[in-house]
Amino acid sequence: SNNNVYTVVPNEGQQTMQTRWVLTMKKQENGTFIPEARLVLKGFNETLEKYESESPVISRDAIKLFLSICASLGWDPQSLDVKTAFLQGKMLDRDIFIRAPKELGIGASILKLNKAVYGLKDASQQWYLRVKEELLKLGMKSCNFEPSLFLWRKNGLSGLICVHVDDFLFSGTEEFKKSVINAIFSIFNIGSTSACPFVFTGLKIKNEERMLSLSQKHYLEEIGEIDVIGPNDRRITESEKSNLRGLLGKLQWLAGQSRPDIVFGANSIAGEVDNSSTACQMISANKLVRKLKFNSDVALKYPKGLKIDSIVVYCDASFRNLSNGGSQGGHIVFLYDSKSQLCHCVGWTPRKIRRIVRSTLGAETLSFIDGIDSAVHTAKLYEWLTGKSLPIIMVTDSYNLYAAIKSTKMVEEKCLRIEIGSIKEMIEQKAIKQVKWTKGKNQIADCLTKK
């Protein structure tokens with residue numbers, strides 16, 4: 001009632017929706033659990049067919065770019081979470097009536113919702129729209145192609161906020177904190193705020209003397225091996241297959257967030273899980289867990305004070321190395337300081353080559369195109385944030401691709417001429433500053449494409 005979520009109205013035969021209590025035990029950062037009760041609407045009962053329900057959340061690459069900028073500018077990242085966030089969303093533009101829980105003690109009356117509650121199909125969108133509206137009023141700007149990223153300028157970039165539903169990751173100058181963050185505390189009902197070290201969307205962020213770091217050691221500690229009984233070549237049961245998929249889901253999430261070194265291992269096992277799966281896949285998954293726990297202290301590190309002057313992307317591919325005969329590609333994106341020769345890793349993408357290719361050159365070319373796509377996106381986002389345009393340097397260990405880009409001679413495979421031609425055009429238009437060749441042993445993106 002404090003958030004003006006509902007109004008008590010008489011029951012005059014209006015169509016009502018059902019609710020239920022959801023009881024959970026919420027884990028605290030210190031490892032303890034507290035009981036939590038939430039009244040949830042059975043949104044699937046709503047007859048409304050046409051509505052917008054999507055709401056953006058901050059991407060993993062944007063979080064890493066946020067940390068890069070904080071490290072470069074010497075900002076201290078912090079986080080806050082909003083209590084009962086959905087109940088503080090925008091006012092509804094339609095009439096929704098619900099049956100009141102008996103604990104409310106209003107007899108035969110019913111409730112008319114003024115705001116979206118948990119379970120309503122567009123509840124998360126209504127919350128995001130309210131957040132965006134309030135942040136824009138405070139002078140912040142939203143990025144059109146990363147809508148959960150907001151910036152505040154005052155004599156240059158002065159503050160950033162990353163929004164992930166009811167969790168905010170923020171940093172900036174003292175003036176930004178006084179003008180914007182303090183205002184957020186007065187607008188929304190804030191649950192808690194944390195300075196480093198803290199966990200945001202499962203990522204532990206630390207502020208060390210010379211760098212910021214991002215790791216998931218705490219998450220890894222909760223991952224256990226699955227039991228394997230019987231011969232290695234036997235078919236696994238549905239129950240075992242379910243356990244295997246659950247473990248692989250955890251490993252793939254870890255690989256995508258903070259451990260690029262296990263990307264191919266996790267994805268290749270997942271690609272082999274089918275109706276004919278054997279215990280070998282379970283053993284391989286357990287080996288990967290042991291490898292992770294042996295190197296559990298691995299973290300992404302963001303050295304402080306870098307003067308970023310370029311984007312460097314390592315691209316790699318492996319020809320027909322997948323179990324189904326497909327080819328695997330991947331690239332890793334860095335923000336680079338040429339003076340100190342230090343860098344910030346801001347993203348990586350493993351991807352099955354999107355079409356059947358006839359050669360290693362074909363696989364390398366299509367993976368290279370994907371790398372350019374990520375590089376351009378990173379460059380545009382960095383420019384939007386800082387106002388600084390960064391040149392793009394692409395790195396490959398395929399000498400055939402490097403030679404094809406440098407040469408005026410056309411490659412034999414006609415289907416590749418368009419892709420290689422587009423790369424040459426981007427170089428001519430200065431969208432790509434340079435293409436470099438490196439030896440295979442220096443190919444950092446190998447972990448995305450092969451064991």
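We use all heavy atoms of the structure for the numbers below, so side chains are in, but hydrogens, waters and symmetry mates are not.
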- request: Answer with yes or no after comparing the ring centroid distance for Tyr219 and Trp253 against a 6.0 Å cut-off, counting only values under it.
  value: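 That pair passes the under 6.0 Å test.
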- request: Using atom types as modelled and distance alone, determine if a side-chain donor or acceptor of Asn321 lies under 3.5 Å from a backbone N or O of Lys450.
  value: no
query: Taking only residues two or more places apart in sequence or in another chain, which ones pass salt bridge (charged side-chain N to carboxylate O under 4.0 Å, His left out) with Glu419?
result: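 Listed in chain order: Arg355.
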Contact list for residues 380-398, test salt bridge (charged side-chain N to carboxylate O under 4.0 Å, His left out), sequence neighbours left out: none
Got more than 12 heavy atoms from elsewhere within 6.0 Å of [atom1], [X]?
X	atom1	answer
Arg20	CZ	no
Phe185	CZ	yes
Lys436	NZ	no

query: Is the closest side-chain donor-acceptor distance between Asn286 and Lys291 under 3.5 Å?
result: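 Their side chains do not contain a donor-acceptor pair, so the 3.5 Å distance test is not met.
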task: Give the intermediate values and the outcome of side chain to side chain contact (heavy atoms under 4.5 Å, CB included) for residues His331 and Asp373.
output: CA-CA 10 Å; His331 58 269; Asp373 186 54; over 6 Å; no
How are the rings of [X] and [Y] set to each other: parallel, tilted or perpendicular (split at 30° and 60°)?
X	Y	value
Tyr302	His344	tilted
Tyr314	Phe334	perpendicular
Phe145	His377	perpendicular

- prompt: Hey, what do you get for OG (Ser171) to CG (Leu73), rounding to the nearest 0.5 Å?
  reply: 8.5 Å
message: Does the Lys NZ or Arg CZ of Lys64 fall within the cation-pi geometry relative to Trp348 - under 6.0 Å from the ring centre and within 45° of the axis?
response: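 The answer is yes; both the distance and angle limits are met.
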message: Please give me the minimum heavy-atom distance between Leu65 and Leu385, naming the atom from each residue.
response: CD2-CD1, 3.8 Å
Closest heavy-atom pair and its distance - Trp75, Ser158: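 Result for this residue pair: CH2-C, 3.6 Å.
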By side-chain hydrogen bond (donor to acceptor under 3.5 Å, both in side chains) - contacts of Lys90 (at least two apart): Glu133
